[in-house]
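The structure presented is a predicted model; accordingly, all values stated were derived computationally and were not measured.
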Amino acid sequence: MTRAAAAAAAGAASGAAWRQRASFDVPLHHPHRQDLLHEQWGRRLGHIAHVRHLRLPADRTAGVHRTRVERRLVGDVAVSRQFSDPIEGVSGSGNTDSRADLVAVHVISSGSLLIEDTGRRADIGPGMLCVRDLHAFWRFAYTEPTDCRVLILPRAGLLDHLHRTRLPPLTVVPATTPESRLLLAHLDAAWALADELGPAGTRAAGTALSVLLTGLLQPHTDTDLPLQTLHAAATAHAERRLMDPGLNPAAIARALNVSVRTLHRAFDGETVMAYVRRRRLEGARSDLDRPGSPYTVAEVAARWQFADPSHFRRAYRNAYGQSPRAAGGA
């Protein structure tokens with residue numbers, strides 16, 4: 001058992017506050033950078049049973065990989081604030097005793113977390129909350145520098161609170177839903193008061209986190225996911241990827257773990273791609289109207305994913321009643 005694990009176990013047993021801060025850098029040009037990552041991870045963070053096969057992305061060979069973690073125990077819930085440059089791996093236990101498994105919750109502040117298994121894939125960005133059942137194995141990757149909060153808690157407790165024998169494998173919701181806001185408000189309070197709470201208060205705070213999480217774990221199917229919630233999640237996802245040539249209804253639906261048909265239902269009165277085109281035109285207009293803009297019309301058209309300058313000019317004229325050249329583009 002590592003010193004961090006021993007300290008956490010002792011803290012949990014006594015009810016005393018336990019915290020850990022860890023920070024390490026890995027030079028990406030190092031010939032043995034993968035080995036160095038594992039060495040630094042083990043030394044600074046210890047063994048984390050549900051995380052394995054950590055790797056630095058093969059296409060990143062310049063600069064430094066940074067990891068920053070602060071962890072606390074709130075009852076039997078491990079809570080952490082994390083920053084990580086791009087990294088990938090596998091999480092999950094595959095334990096034959098499903099009640100011995102864990103559940104992971106990620107709340108993304110900035111950056112992006114990509115998770116997938118055989119049948120599911122989700123790209124979690126800022127303002128999104130993701131709950132995963134770690135009874136199965138998941139591939140994950142921070143695809144850009146990412147700030148997030150993470151909760152790891154026992155699966156058995158959630159099953160007891162839900163009065164169920166199974167959990168949904170993956171739940172993705174905006175952090176702005178009432179249930180999410182209630183959970184996050186309690187999380188903030190529990191984090192802030194961790195050093196002041198006694199053993200009974202710490203256990204109660206951890207139990208409350210588990211109970212509040214059940215509000216996000218009711219079945220979310222294509223028929224009962226609130227369309228307003230889905231619309232908010234879909235537009236938030238699209239906003240972060242307006243310059244991505246692969247942005248389309250299928251990609252958005254896949255990222256949010258819903259069908260394309262259900263996604264279209266959430267966009268009442270405006271199609272998904274009409275929303276994307278409108279927001280791209282607004283971005284293009286902002287580029288052209290900016291004093292001293294360095295972009296030509298052709299460059300703006302390419303930047304905002306229009307097929308060619310003539311197509312962009314037609315769409316711009318239809319939307320704003322004037323040529324993009326008149327708005328300041330060359």
As an exercise, state the distance from CG of Leu170 to CG of Asp133, rounded to the nearest 0.5 Å. 10.0 Å

Student check: side-chain heavy atoms of Leu113 and Cys148 closer than 4.5 Å: no

Once you round to the nearest 0.5 Å, how far does CG of Leu213 lie from CG of Leu129? 7.5 Å

Distance in Å, Thr207 OG1 paired with His161 NE2, rounded so as to fall on 0.5 Å steps: 6.0 Å

Flag yes if more than 12 heavy atoms outside Asp308 fall under 6.0 Å of its CG atom; otherwise flag no. yes

Using side-chain contact (heavy atoms from CB on, under 4.5 Å) as the criterion, list what pairs up with Pro57, not counting sequence neighbours. Asp59, Arg60, Pro86, Glu88

Do Glu299 and Asp287 touch side chain to side chain, with heavy atoms closer than 4.5 Å? no

Can a salt bridge be assigned to the pair Arg240 and Asp123 using a cut-off of 4.0 Å between side-chain N and carboxylate O? no

Side-chain ion pair, Arg43 and Glu39, N-O less than 4.0 Å: yes

Atom CZ of Arg181: over 12 foreign heavy atoms under 6.0 Å: no

For Ala204, all residues meeting side-chain contact (heavy atoms from CB on, under 4.5 Å), sequence neighbours excluded: none

Would Ser91 and Arg132 count as having a side-chain donor-acceptor pair, cut-off 3.5 Å? yes

Rounded at 0.5 Å granularity, tell me how far CG in Leu134 sits from CG in Asp101. 7.5 Å

Non-hydrogen side-chain atoms of Arg155 and Leu158 separated by less than 4.5 Å: no

To the nearest 0.5 Å, what is the distance between NE2 on His106 and OG1 on Thr146? 9.5 Å

Evaluate side chain to side chain contact (heavy atoms under 4.5 Å, CB included) for Val297 paired with Tyr316, printing each intermediate quantity in order. CA-CA 11 Å; Val297 170; Tyr316 193 100; over 6 Å; no

Heavy-atom pair of closest approach, residues Phe306 and Ala315: CE2-CB, 4.2 Å

For residues Arg265 and Leu230, determine if any side-chain heavy atom of one lies less than 4.5 Å from a side-chain heavy atom of the other. no

Between the main-chain N or O of Gly92 and the side-chain N or O of Arg52, is there a donor-acceptor pair closer than 3.5 Å? yes

Within the 4.5 Å heavy-atom criterion, are Thr177 and Leu216 side-chain neighbours or not? yes

Exercise: do Arg68 and Ser23 side chains pair donor with acceptor under 3.5 Å: yes

Ignoring hydrogens and angles, tell me if any N or O in the side chain of Arg280 forms a donor-acceptor pair with the backbone of Leu242 under 3.5 Å. yes

Over all atoms of both residues, closest heavy-atom pair of His38 and Leu54: NE2-O, 2.8 Å

If you take all heavy atoms of Arg55 and Ile87, which pair is closest and at what distance? O-CG1, 3.4 Å

Any side-chain to backbone donor/acceptor pair from Gln82 onto Val69? Under 3.5 Å, distance only. no

Grab the two heavy atoms, one from Arg164 and one from Pro168, that are nearest each other, plus how far apart they are. NH2-CD, 3.7 Å

Do side-chain atoms of Arg71 reach the backbone of Leu45 as a donor and acceptor pair under 3.5 angstrom? yes

Would you tabulate the side-chain donor-acceptor contacts of residues 182-193 under 3.5 Å, counting partners in other chains and residues two or more places apart, or write 'none'?
{"unit_1": "His186", "atom_1": "NE2", "unit_2": "Ala205", "atom_2": "O", "d": "3.0"}
{"unit_1": "Asp188", "atom_1": "OD1", "unit_2": "Arg149", "atom_2": "NH1", "d": "2.5"}

Are the side chains of Asp195 and Arg19 in contact, using a 4.5 Å heavy-atom criterion? yes

Partner set under side-chain contact (heavy atoms from CB on, under 4.5 Å) for Ala274, not counting sequence neighbours: Glu270, Thr271, Arg277

Test side chain to side chain contact (heavy atoms under 4.5 Å, CB included) on Leu153 and Asp76 and set out the steps. CA-CA 7 Å; Leu153 62 162; Asp76 58 2; 5.5 Å; no

Determine, stepwise, if the pair Leu114 / Arg121 fulfils side chain to side chain contact (heavy atoms under 4.5 Å, CB included). CA-CA 7 Å; Leu114 175 66; Arg121 175 188 172 99; 3.7 Å; yes

Short side-chain to backbone donor-acceptor contact, Glu179 and Leu212, under 3.5 Å: no

Residue pairs involving residues 139-160 (criterion ring-ring contact (aromatic ring centres under 6.0 Å, His included); sequence neighbours excluded): none

Looking at every heavy atom in both Ser180 and Pro174, which two are closest together, and how far apart are they? OG-O, 3.0 Å

Just so I know, are the side chains of Arg279 and Glu282 near enough to count as touching, which here means a heavy-atom distance under 4.5 Å? yes

Measuring from Glu239:CD to Tyr275:OH, what's the distance to the nearest 0.5 Å? 3.5 Å

Keeping to residues at least two apart or across chains, list the ring-ring contact (aromatic ring centres under 6.0 Å, His included) pairs with something in residues 227-250. His231-Phe267

Nearest heavy-atom approach of Leu28 to Ala62 is CD1-O, 3.1 Å

So if I apply the side chain to side chain contact (heavy atoms under 4.5 Å, CB included) rule between Leu151 and each of Val103, Val105, Leu102, which one comes out positive? Val105

Under 3.5 Å, side chain of Asp85 to main-chain N/O of Arg66, donor-acceptor pair present? yes

Could you label the plane-to-plane angle of the Trp41 and Phe24 rings as parallel, tilted or perpendicular, counting under 30° as parallel and over 60° as perpendicular? perpendicular

